[in-house]
Chemist: 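Quick one: the structure is below, and I'll ask about it shortly.
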Amino acid sequence: MLRVGLTGGIGSGKSTVAALFARHGAPVIDTDAIARALAAPGAPAHREIVQAFGRTVLDAAGEIDRRRLRRLVFDNPAERHRLEDILHPLIREEVRRRLGALTARYCILVLPLLFEAGFTDLADRVLVVDADEALQIRRACARGAMDETEVRKIMAAQLPRAERRKRADDIILNEADSAHLEREVARLHTLYLSLAGDRKRNRQD
């Protein structure tokens, strides 16, 4: 199975692109969703996060307050690495478990920190969703969960846009309308099916 690592900066449109691939029948493994599940009460990372950062990161229901935790770790790189040391090994383990259960010709791995977290070994090919940085900020702020200062802190912790593009096998420039995005995903869906077929034939030869 061809494993396509989908990455990009905050607000670039990774989730939208992943959803379009899912409409073509491609399985999607989203590491953001995995991270949220791992940090839920009773889940493996919840106790470790509370032990590391204190009960002040909990909301009234005992769940991790993601915005409060995000502000804490992005103001302090050492604390961000501390959180990553808790989550990343668990995320990697869960991704591998889910990959092992798939039988599709190719799958999409949504890995926002593909390069930064050293997850490149999980992917056979890298797809970068790209957009102008001003547009990224507007999109991220429009969600309502973050202000511009918070978005810029996250961007500063991510790989620069030019470096992501340089490391990509494929790039979708997400600055046009939804029809353009749909055409780009359809094009890559055809490409990935072809590449997956080539890989299978090569293993059989």
Chemist: Do Asp32 and Val110 pass the side chain to side chain contact (heavy atoms under 4.5 Å, CB included) test, and can you show the C-alpha distance, the side-chain angles, and the key distance before you say yes or no?
Modeler: CA-CA 8 Å; Asp32 270 352; Val110 184; 6.0 Å; no
Chemist: Work out which heavy atom in Asp147 is nearest to a heavy atom in Cys141; give both atom names and the distance.
Modeler: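 For Asp147 versus Cys141, the nearest heavy atoms are C-SG, 3.7 Å.
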Chemist: For Asp170, what residues pass the salt bridge (Lys or Arg N to Asp or Glu O under 4.0 Å) criterion, not counting sequence neighbours?
Modeler: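 Residues passing salt bridge (Lys or Arg N to Asp or Glu O under 4.0 Å) with Asp170: Arg125.
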Chemist: Got a second to check how far Glu116's CD is from Glu84's CD, nearest 0.5 Å?
Modeler: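 If I round to the nearest 0.5 Å, the distance is 9.0 Å.
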Chemist: Should Leu113 and Leu122 be regarded as members of a common hydrophobic cluster, given that ILVMFWY residues are connected when their side-chain heavy atoms come within less than 4.5 Å of each other, either directly or indirectly?
Modeler: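 Leu113 does not cluster with Leu122.
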Chemist: Following the transitive rule for hydrophobic clusters with a side-chain heavy-atom cut-off under 4.5 Å over Ile, Leu, Val, Met, Phe, Trp and Tyr, establish whether Val28 and Leu2 coincide in one cluster.
Modeler: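 Same cluster: Val28 reaches Leu2 through Ile, Leu, Val, Met, Phe, Trp or Tyr contacts under 4.5 Å.
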Chemist: Do the non-hydrogen side-chain atoms of Arg167 and Thr120 ever get within less than 4.5 Å of each other?
Modeler: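 Result no, sub-4.5 Å side-chain heavy-atom pair not found.
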Chemist: Heavy-atom distance under 4.5 Å between the side chains of Arg70 and Lys153, does that happen here?
Modeler: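 A side-chain contact under 4.5 Å is absent here.
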Chemist: With sequence neighbours left out, write down each residue that passes ring pair (Phe, Tyr, Trp, His ring centres under 6.0 Å) with His189, or none if nothing qualifies.
Modeler: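 Checked His189 against ring pair (Phe, Tyr, Trp, His ring centres under 6.0 Å); matches are His24, Tyr106.
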Chemist: Is it the case that more than 12 heavy atoms not belonging to Arg55 sit under 6.0 Å from its CZ atom?
Modeler: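 No - once you tally the heavy atoms of other residues, nucleotides and ligands closer than 6.0 Å, there are 12 at most.
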Chemist: At their closest point, which heavy atom of Arg139 faces which heavy atom of Asn174, and how far apart are they?
Modeler: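 Shortest heavy-atom contact: NH2-O, 2.7 Å.
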Chemist: Evaluate side chain to side chain contact (heavy atoms under 4.5 Å, CB included) for Asp124 paired with Val4, printing each intermediate quantity in order.
Modeler: CA-CA 6 Å; Asp124 303 305; Val4 179; over 6 Å; no
Chemist: Under a 4.0 Å threshold between the charged nitrogen and the carboxylate oxygen, would Glu150 count as salt-bridged to Arg71?
Modeler: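 Salt bridge: yes.
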Chemist: Between Phe115 and Val95, is there a shared hydrophobic cluster once you connect ILVMFWY residues whose side-chain heavy atoms come closer than 4.5 Å?
Modeler: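 Same hydrophobic cluster.
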Chemist: Is there a path of hydrophobic side-chain contacts, each under 4.5 Å between heavy atoms of I/L/V/M/F/W/Y residues, joining Leu191 to Leu173?
Modeler: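 The answer is no; the residues belong to distinct hydrophobic clusters.
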Chemist: Identify the heavy atoms of Leu87 and Ala45 that sit nearest to each other, and give their distance.
Modeler: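 Minimum heavy-atom separation between Leu87 and Ala45: CD2-CB, 3.7 Å.
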Chemist: Just to verify, what does Arg164 make a salt bridge (Lys or Arg N to Asp or Glu O under 4.0 Å) with, not counting sequence neighbours?
Modeler: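 Listed in chain order: nothing, the list is empty.
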Chemist: Could you list the donor-acceptor pairs under 3.5 angstrom formed by side chains in residues 8-17, with sequence neighbours left out?
Modeler:
unit_1	atom_1	unit_2	atom_2	d
Ser12	OG	Gly9	O	2.7
Ser12	OG	Val129	O	3.4
Lys14	NZ	Gly8	O	3.3
Lys14	NZ	Gly9	O	3.0

Chemist: Under the side-chain hydrogen bond (donor to acceptor under 3.5 Å, both in side chains) test, which residues partner Arg183, sequence neighbours left out?
Modeler: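 Arg183 satisfies side-chain hydrogen bond (donor to acceptor under 3.5 Å, both in side chains) with no other residue.
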Chemist: Minimum heavy-atom separation for Glu148 and Ile137, please, with both atom names.
Modeler: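 Heavy atoms only, the tightest pair is CG-CG2, 3.7 Å.
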Chemist: Side chains of Leu109 and Leu99, heavy atoms from C-beta outward: is any pair under 4.5 Å?
Modeler: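 Result yes, sub-4.5 Å side-chain heavy-atom pair found.
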Chemist: Check side-chain hydrogen bond (donor to acceptor under 3.5 Å, both in side chains) between Arg97 and all other residues, then give those that pass, not counting sequence neighbours.
Modeler: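 By the side-chain hydrogen bond (donor to acceptor under 3.5 Å, both in side chains) rule, Arg97 matches Glu94.
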Chemist: Tell me, which pairs form a ring-ring contact (aromatic ring centres under 6.0 Å, His included) where one or both residues lie in residues 130-161, sequence neighbours left out?
Modeler: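 The answer is none; no pair qualifies.
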Chemist: Hey, what do you get for CG (Leu38) to CD1 (Ile49), rounding to the nearest 0.5 Å?
Modeler: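 So the CG of Leu38 and the CD1 of Ile49 are separated by 8.5 Å.
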Chemist: Can you tell me how far apart CE (Met155) and CD (Glu133) are? Round to the nearest 0.5 Å.
Modeler: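 Separation between the atoms: 4.0 Å.
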Chemist: Does the side chain to side chain contact (heavy atoms under 4.5 Å, CB included) test come out yes or no for Leu58 and Val50, once each step is laid out?
Modeler: CA-CA 8 Å; Leu58 297 178; Val50 174; 3.7 Å; yes
Chemist: With sequence neighbours left out, write down each residue that passes salt bridge (Lys or Arg N to Asp or Glu O under 4.0 Å) with Asp85, or none if nothing qualifies.
Modeler: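 With sequence neighbours excluded, Asp85 shows a salt bridge (Lys or Arg N to Asp or Glu O under 4.0 Å) to no residue whatsoever.
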Chemist: With sequence neighbours left out, write down each residue that passes side-chain hydrogen bond (donor to acceptor under 3.5 Å, both in side chains) with Asp121, or none if nothing qualifies.
Modeler: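 Asp121 satisfies side-chain hydrogen bond (donor to acceptor under 3.5 Å, both in side chains) with Arg92, Arg96 once adjacent residues are dropped.
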Chemist: List for me each residue that meets side-chain hydrogen bond (donor to acceptor under 3.5 Å, both in side chains) alongside Glu93, sequence neighbours excluded, and say none if there are none.
Modeler: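 Result, side-chain hydrogen bond (donor to acceptor under 3.5 Å, both in side chains) vs Glu93: none returned.
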Chemist: Out of curiosity, Ile86 CD1 to Ile91 CD1, how far, rounded to the nearest 0.5 Å?
Modeler: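 Here the rounded value is 11.0 Å.
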Chemist: Please assess Arg105 against Met1 for the test side chain to side chain contact (heavy atoms under 4.5 Å, CB included), listing each intermediate value before the final yes or no.
Modeler: CA-CA 5 Å; Arg105 293 170 67 183; Met1 179 179 60; over 6 Å; no
Chemist: Looking at Ala43 and Ala37, what are the two nearest heavy atoms and their distance?
Modeler: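 Heavy atoms of Ala43 and Ala37 come nearest at CB-O, 3.1 Å.
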Chemist: Please, which pairs that meet ring-ring contact (aromatic ring centres under 6.0 Å, His included) have at least one residue in residues 44-92, sequence neighbours excluded?
Modeler: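 Passing the test, one end in residues 44-92: His88-Phe119.
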Chemist: Would you mind checking if Glu79 and Arg82 are paired as a salt bridge, meaning a charged N to carboxylate O distance below 4.0 Å?
Modeler: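 Looking at Arg82 and Glu79, the cut-off is met.
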Chemist: Of all the heavy-atom pairs spanning Leu6 and Ala18, show the shortest one and how long it is.
Modeler: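 In terms of heavy atoms, the two residues are closest at CD1-N, 4.1 Å.
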Chemist: Flag yes if Leu102 and Leu111 sit in one hydrophobic cluster, no otherwise; membership is Ile, Leu, Val, Met, Phe, Trp, Tyr, and two members link when side-chain heavy atoms are under 4.5 Å apart.
Modeler: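 Yes; tracing contacts between hydrophobic side chains, which count when under 4.5 Å, links both residues.
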Chemist: Please round to the nearest 0.5 Å and tell me the distance separating atom NE2 of His180 and atom CD1 of Ile172.
Modeler: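 It comes to 7.5 Å.
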Chemist: For residues Arg68 and Leu72, determine if any side-chain heavy atom of one lies less than 4.5 Å from a side-chain heavy atom of the other.
Modeler: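 Sidechains of Leu72 and Arg68: no contact.
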Chemist: For Arg47, check salt bridge (Lys or Arg N to Asp or Glu O under 4.0 Å) against everything at least two apart and list the hits.
Modeler: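 Salt bridge (Lys or Arg N to Asp or Glu O under 4.0 Å) list for Arg47, sorted by chain: empty.
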Chemist: Judged by atom type as modelled, is there a donor-acceptor pair below 3.5 Å linking the side chain of Asp169 to the main-chain atoms of Val126?
Modeler: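 Checked: pair present.
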